[in-house]
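Please read the structure below before turning to the comments.
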Amino acid sequence: LLIAVSAGKGAARGREEDTLFVKLWPSDAVSLSDELLEQTLSKLAATFFKTGGSVTNAMREFADGLNKTFLSGNSQLQEKDTWQTTSALVGVIHHETLFVGINGKAEALLVRKDGLEHFVDLELDPRGLGFSSVVRPRFFQTAVADGDFVLLAQQIPTDLLVSGRLKPDT
């Protein structure tokens, strides 16, 4: 599942020009329907834009709300190995800064005119959200400019990182 949302009316001060994007990679186990996940993402996005304070604080609140949704769905299941979890990448463009928060097995690659910037933390629990009540996203932050683009994946092939094939239009 992928969503991208811009701030609407009623956004908290400082969030008015933010753009939020979220990519989920749910596990094969199914305790939550796609429809419920889409509704949850819409509600959490609205909450994100109304949350004051730092961008990373609002991103953490988003991830926590998503985690609670998965935990609630999983609470009806007896065996932990049948629980549905999700890797999640929450990104925000705030003015000319890209914020990335990762839970689980996910990566982002910023492609810009002067090179690549890879956002990954191989130390994170690959199960992501929905397994523990504790949410600890790994945050990254960098400047962005017109012409930059972001690639989101669970795993970016190493040859793509070193081949030089990814370049923005000049």
Side-chain angles (χ1 to χ4, degrees), residues 1-7 17-32 34 37-38 40-42 44-45 48-49 54-67 69-71 73-74 81 83-132 134-170:
L1 293 170
L2 173 69
I3 66 161
V5 185
S6 295
E17 296 178 21
D18 288 1
T19 299
L20 170 72
F21 58 93
V22 180
K23 175 66 177 135
L24 302 182
W25 292 272
S27 62
D28 291 336
V30 178
S31 61
L32 302 170
D34 284 348
L37 284 177
E38 288 172 11
T40 299
L41 290 174
S42 292
L44 291 172
F48 168 84
F49 288 111
S54 71
V55 173
T56 54
N57 178 59
M59 292 170 72
R60 189 181 321 274
E61 292 293 323
F62 186 99
D64 188 56
L66 189 57
N67 189 55
T69 299
F70 275 86
L71 286 174
N74 290 336
D81 60 346
W83 283 16
Q84 184 177 23
T85 60
T86 189
S87 292
L89 188 146
V90 179
V92 176
I93 299 173
H94 177 77
H95 302 290
E96 294 178 0
T97 303
L98 170 66
F99 292 84
V100 174
I102 297 174
N103 286 93
K105 184 177 179 181
E107 302 179 30
L109 183 66
L110 178 63
V111 181
R112 49 175 79 174
K113 291 177 184 171
D114 61 351
L116 307 174
E117 194 164 348
H118 189 200
F119 306 108
V120 64
D121 186 344
L122 301 175
E123 304 284 319
L124 289 173
D125 184 338
R127 295 174 296 197
L129 301 174
F131 199 77
S132 168
V134 179
V135 177
R136 291 191 183 110
R138 171 69 163 92
F139 290 110
F140 302 88
Q141 175 181 341
T142 192
V144 291
D146 288 343
D148 293 352
F149 67 91
V150 180
L151 175 67
L152 311 176
Q154 267 201 298
Q155 184 172 359
I156 296 172
T158 304
D159 67 325
L160 198 58
L161 295 170
V162 297
S163 69
R165 290 184 293 166
L166 287 177
K167 295 182 182 175
D169 293 334
T170 52

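Considering CG of Asn67 and CG of Asn103, their distance stands at 7.5 Å, rounded to 0.5 Å. Note that CG of Leu98 and CD1 of Ile93 are 6.0 Å apart. Values are rounded to the nearest 0.5 Å. Taken from CD in Glu107 to NE2 in His118, the straight-line distance is 3.5 Å, to the nearest 0.5 Å. Taking CD1 of Ile3 as the reference point, atom CZ of Phe21 lies at 11.0 Å (rounded to 0.5 Å). Taking CD of Glu117 as the start and OG1 of Thr142 as the end, the distance is 3.5 Å to the nearest 0.5 Å. Rounding to the nearest 0.5 angstrom, the gap separating the CG atom in Leu66 from the OG1 atom in Thr86 is 6.5 Å.
Ring geometry, Phe119 versus Phe140: the interplanar angle falls from 30° to 60°, so the pair is classed tilted.
Heavy-atom contacts from other residues, nucleotides or ligands closer than 6.0 Å to CD of Gln154 number more than 12.
Although no hydrogens or angles enter the test, the distance criterion places a donor-acceptor pair under 3.5 Å between the side chain of Ser87 and the main chain of Lys105. When atom types are taken as modelled, the side chain of Ser27 and the backbone of Thr85 share a donor-acceptor pair closer than 3.5 angstrom.
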Exercise for review: Apply side-chain hydrogen bond (donor to acceptor under 3.5 Å, both in side chains) to Ser54 and Arg60, showing your working.
Suggested key: CA-CA 10 Å; Ser54 71; Arg60 189 181 321 274; over 6 Å; no
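Taking all atoms of both residues into account, the shortest heavy-atom contact from Thr19 to Ser6 is OG1-OG, 3.8 Å.
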